[in-house]
Amino acid sequence: MRNDAQGAPPGRQEATSSLPGTHTDRKGIAADVGASLVVFLVAVPLSLGIAVASGAPLIAGIIAAVVGGIVAGLVGGSVVQVSGPAAGLTIIVADLIMTYGWRVTCLITLLAGLVQLALGAFRIARAALAVSPAVVHGMLAGVGVTIALAQLHVVLGGAPQSSALANITDLPQQIAHNHTAAVAVGVITVAIMFGWNRLPAIGKVRPGMVPAALVAVGTATAIATMGRWEVETVALPASLSEAWNGPMLPESGQWHGIALAVAAVAMVASVESLLAAIAIDRLHNGRRVQLNRELCGQGAANTVSGALGGLPIAGVIVRSTANVRAGARSPLSTILHGVWILLFVAFFAHVVELIPMPALAALLVFIGVQMVSLAHLRNLRRHHEASIYLVTLSGVVFLGLLEGVFIGFALAMIMALRRLTKLTVVTEERADRVHVTVHGSLTFLGVPRLAHVLRTVPEGAKVDLDLHVDFMDHAAFEAIHAWRVDHERTGGSVDIDEVHEKWYARSSTNSAPVAKTIPKGRWWAPWDMRRESGADLAPNPLGLLTAGAREYHAGTADRMRSVMSRLSHGQSPTALFITCADSRVVPNLITASGPGDLFTLRNVGNLVPPHGSSDCSVGAAVEYAVNVLRVPSIVVCGHSHCAAMQALSEKTHEGPDEAETTHIRRWLANGRGSLRRAGTHRGELAGLPAPEALRRLSQANVIEQLGNLMGYPAVRERVESGELALSGMYYDLETARVHLLDAGTGEFSPVQSVQDVPEAVPHPRGGAAPDQSLDESSSGASSRPSC
């Protein structure tokens with residue numbers, strides 16, 4: 001079972017669904033081969049650079065890139081993610097090498113891979129997603145700053161210091177006294193990295209088609225080689241036996257530190273890989289990542305890499321993005337990129353050995369700076385989590401990676417706790433009573449604030465204490481109860497009203513619930529649903545209305561008072577909303593509107609009798625809305641499962657004259673035009689399933705009523721002047737989705753959610769005029785005298 005998958009959206013075709021041997025399959029293989037070559041060109045310089053930054057043998061970066069491509073590609077659960085040596089692990093690896101040596105570090109990598117395999121086998125990959133993105137991005141930014149500061153000294157011809165603070169302190173001296181060939185190589189590399197993708201396209205050829213890292217390192221290598229510059233270059237082992245430098249057991253007293261190191265490598269590599277895999281899923285339309293399988297793939301790759309003497313491996317966002325943009329469709333591109341690296345190093349090692357070390361250092365400086373993402377910082381600032389990002393970044397740079405991550409995680413937990421226990425206490429004096437309202441989660445953290453407010457209540461006052469809380473712990477109960485006893489002892493009175501769960505009452509007489517409760521005041525839910533959930537509502541209709549009004553007074557009236565006070569002086573609605581009287585259609589609910597937004601007209605079948613008909617009630621509402629209220633739009637909203645449309649399709653309006661249906665038949669006669677528009681006289685609805693036929697008639701009815709509106713002189717005049725827009729809407733009861741009429745095609749399309757198109761959907765309070773209008777030429781309305 002794939003219960004660990006992210007899940008492909010409905011109707012989305014997977015990129016790996018082609019049958020073997022078909023033309024589509026061959027096309028996919030060709031795309032994967034092309035993408036693998038692009039990623040291979042990106043991966044070689046990056047892998048060497050990360051090995052340099054880690055202080056590991058250069059061949060270790062190549063081994064990790066090969067193993068990450070082949071093993072993680074074969075075993076992992078992501079379609080297009082590319083794994084290899086990751087910049088986020090460089091600080092940990094550098095510290096491990098200094099502490100334990102390279103061969104023990106290989107053992108740590110191997111053991112971390114086994115831990116990842118175990119975590120994936122126990123299917124707990126999703127637990128890694130519980131880490132705050134602010135901590136992850138802050139960690140990566142801190143790693144980037146640390147790498148950039150250290151490698152900048154190499155670019156300047158010097159050597160990096162032992163800490164970021166020492167690197168910053170020593171930087172002015174390096175800049176002032178180092179002007180060697182190494183500096184020229186570094187400047188050339190950084191300049192090309194910065195400007196390559198900004199060059200204009202030449203015809204159909206774009207510079208970005210060739211990886212900037214390859215161009216920068218290749219150009220710097222060519223210039224240094226042809227100019228015979230004296231710079232340090234890459235040194236690879238002369239033979240395969242010399243290349244292997246595998247794991248070794250540590251000394252007996254080091255196992256405690258080794259265990260902590262294994263946990264750190266496994267944690268950081270897992271979190272980075274899983275978050276990168278989910279981020280990459282947004283860039284392609286193929287199968288969603290299977291998180292537990294991907295974690296097993298990362299574990300297998302780290303186990304093999306550690307055994308062969310390679311660096312720790314993680315999913316890498318830069319290489320994965322290059323893979324997707326190059327057209328990769330399956331893990332074949334990831335696997336092939338590892339094969340190309342292996343073949344290149346095996347047969348062209350002498351080319352790799354021409355690369356200047358300052359060029360790799362400059363590449364790392366550029367990548368390190370890019371890891372500090374201002375876009376992430378702006379996004380986190382909108383969510384009030386920029387402080388977590390900055391604290392984590394600073395902690396990683398000045399204290400160390402694990403220390404910085406721990407501090408950032410602790411701050412994230414504190415902020416989450418503060419939000420979860422957020423408390424609002426409002427005091428208001430009304431005549432001879434004091435009204436205190438408490439909203440939120442009432443825990444010991446909120447007791448000081450609540451106690452301070454309650455102490456301000458005058459002695460002997462009559463107090464209404466409204467508790468809108470979803471949780472109350474013992475400390476909070478004790479604080480309220482002690483205050484209540486003291487206040488009543490001094491002659492005052494306290495009336496406690498609990499809107500949601502009876503936390504105070506149950507704590508007084510019995511045991512309170514053990515966890516947060518869901519508020520029962522679901523204003524949008526029908527009464528019978530709330531009665532089933534245990535709400536204290538009377539069983540008879542009048543009792544239900546009274547109980548509903550009581551709930552409104554307890555939870556909403558106070559917050560509505562200021563709004564309704566302003567609206568009491570007049571109304572200026574945004575739209576005349578004409579819809580059916582059906583109890584299942586709630587205009588303010590489906591349009592997320594409030595008091596004063598909609599001037600609503602409801603009747604059976606959302607009909608608009610033609611101008612001049614004997615029924616004047618609709619005409620009166622239209623004239624008042626258009627001429628007096630000057631609404632900028634009129635919306636006609638039909639809905640599915642409409643009994644009026646069902647009766648209309650059954651020709652109820654043409655039935656025998658019966659006293660019980662006299663008014664219904666007369667009213668439905670106004671819908672004859674809708675039947676004609678739906679094509680019933682041509683038999684277009686015959687043979688269709690009943691729900692589909694009813695849907696077509698309901699939508700045709702909306703279009704017909706919009707046409708009837710154009711027959712009203714006031715409406716036609718304002719539409720022609722551009723002051724009024726007419727819109728059609730359809731509400732599907734089964735899916736609870738709203739559909740809008742496209743005046744150009746005459747079709748109804750579902751409204752996309754804000755999450756799908758945040759930049760395209762205006763806020764309902766933004767005052768934007770409706771974008772769906774009815775053209776006069778399609779109305780088919782006739783001019784008749786007014787009622």
Report task. Could you tell me which residues satisfy side chain to side chain donor-acceptor pair (under 3.5 Å) with S83, sequence neighbours excluded, listed by chain and number? Result -> Q298
Query raised in the report: Would you say I407 and V391 make side-chain contact, with heavy atoms under 4.5 Å?
Result: yes
Report task. Scan for side-chain hydrogen bond (donor to acceptor under 3.5 Å, both in side chains) pairs involving residues 409-420, sequence neighbours excluded, and state none if there are none. Result -> E385-R419
Query raised in the report: In chain order, what residues pass the side chain to side chain contact (heavy atoms under 4.5 Å, CB included) check against P133, with sequence neighbours excluded?
Result: H137
Report task. Any chance you could measure T105, atom OG1, to M98, atom CE, to the nearest 0.5 Å? Result -> 11.5 Å
Requested in this report: Can you spot which of L149, V145, V143 makes a side-chain contact (heavy atoms from CB on, under 4.5 Å) with I147?
Outcome: V143
**Report entry** Spacing of H284 atom NE2 and T321 atom OG1 [to the nearest 0.5 Å]
**Finding:** 11.0 Å
**Report entry** Considering all heavy atoms, the nearest M193-A216 contact
**Finding:** CG-CB, 3.7 Å
Requested in this report: Heavy atoms only: give me the nearest V217-P45 pair and the separation to one decimal.
Outcome: CG2-CB, 4.0 Å
**Report entry** Contact check, side chains of S132 and M415, non-hydrogen atoms, under 4.5 Å
**Finding:** no
Query raised in the report: How close do I92 and A264 get, heavy atom to heavy atom, and via which atoms?
Result: CD1-O, 4.3 Å
Query raised in the report: Hey, are the side chains of V52 and Q151 touching, using non-hydrogen atoms and a 4.5 Å cut-off?
Result: yes
Report task. Check side chain to side chain contact (heavy atoms under 4.5 Å, CB included) between F406 and all other residues, then give those that pass, not counting sequence neighbours. Result -> none
Query raised in the report: Where do T189 and L363 come nearest, in terms of heavy atoms and distance?
Result: CG2-N, 4.1 Å
Requested in this report: Report yes or no: does S320 contribute a side-chain atom to a donor-acceptor pair with the main-chain N or O of V82 at less than 3.5 Å?
Outcome: yes
Report summary line: With sequence neighbours left out, the residues meeting salt bridge (charged side-chain N to carboxylate O under 4.0 Å, His left out) with R381 are none
Query - Side-chain touch I317/I280, heavy atoms, less than 4.5 angstrom - result: yes
Query raised in the report: What pairs with S333 under side chain to side chain donor-acceptor pair (under 3.5 Å), at least two apart in sequence or on another chain?
Result: N323
Query raised in the report: For F398, which residues count as a ring-ring contact (aromatic ring centres under 6.0 Å, His included) partner, sequence neighbours excluded?
Result: none
Query - Contacts of type side chain to side chain donor-acceptor pair (under 3.5 Å), residue R382, not counting sequence neighbours - result: N379
Query raised in the report: Is the backbone of L295 close enough, under 3.5 Å, to the side chain of S273 for a donor and an acceptor to pair up by distance?
Result: no
Query - W340 side chain near V39 side chain, heavy-atom distance below 4.5 Å - result: no
Query raised in the report: Within a reach of under 6.0 Å around CE of M248, are more than 12 heavy atoms found that belong to other residues, nucleotides or ligands?
Result: yes
Report summary line: By side chain to side chain donor-acceptor pair (under 3.5 Å), Q116 pairs with (sequence neighbours left out) S270, N302
Query raised in the report: Quick one: does C296's side chain get under 4.5 Å of Q290's, heavy atoms only?
Result: no
**Report entry** Side-chain heavy-atom pair S36, F40 within 4.5 angstrom cut-off
**Finding:** no
Requested in this report: State the CD-CG distance between E272 and L89, to the nearest 0.5 angstrom.
Outcome: 5.5 Å
Report summary line: Value for CG (D32) from CD1 (I335), rounded to nearest 0.5 Å, stands at 9.5 Å
Query raised in the report: For V115, what residues pass the side chain to side chain contact (heavy atoms under 4.5 Å, CB included) criterion, not counting sequence neighbours?
Result: L119, V262, A266
Query - Nearest non-hydrogen partners of M357 and L58, listed with the distance - result: SD-CD1, 4.1 Å
Report task. Flag the pair V372 / Y389 as yes when at least one side-chain heavy-atom distance between them is below 4.5 Å, and no otherwise. Result -> yes
**Report entry** Contacts of type ring-ring contact (aromatic ring centres under 6.0 Å, His included), residue F347, not counting sequence neighbours
**Finding:** none
**Report entry** Spacing of T219 atom OG1 and I192 atom CD1 [to the nearest 0.5 Å]
**Finding:** 4.0 Å
Query raised in the report: So, the side chain of R293 versus the backbone of V75: is there a donor-acceptor pair under 3.5 Å, distance only?
Result: yes
Query raised in the report: Do any N or O atoms from the side chain of R287 and from the backbone of G77 form a donor-acceptor pair under 3.5 angstrom?
Result: yes
Query raised in the report: In Å, rounded to the nearest 0.5 Å, how long is the span from CG of L311 to CD1 of I97?
Result: 7.0 Å
Requested in this report: Mind checking side chain to side chain contact (heavy atoms under 4.5 Å, CB included) for L114 and listing every partner two or more places apart, or none if nothing turns up?
Outcome: L110, L111, L117, T303
Report summary line: Only one of I62, L342, I341, V304 passes side-chain contact (heavy atoms from CB on, under 4.5 Å) with V67, and that residue is V304
Query raised in the report: With no hydrogens and no angle check, is any side-chain donor or acceptor of D281 less than 3.5 Å from a backbone partner on R288?
Result: no
**Report entry** side-chain contact (heavy atoms from CB on, under 4.5 Å) evaluation trace for L291 with I278
**Finding:** CA-CA 9 Å; L291 294 178; I278 292 175; 4.1 Å; yes
Report task. Evaluate the side-chain contact (heavy atoms from CB on, under 4.5 Å) criterion for residues L48 and V352: first the C-alpha distance (whole Å), next the side-chain angles of each, then the deciding distance (0.1 Å), finally the verdict. Result -> CA-CA 10 Å; L48 291 170; V352 177; 3.8 Å; yes
Report task. Would you indicate whether F409, at its atom CZ, is surrounded by more than 12 heavy atoms from other residues, nucleotides or ligands within a distance under 6.0 Å? Result -> no
Report summary line: P331 and G73 have their tightest heavy-atom pair at CB-O, 3.5 Å
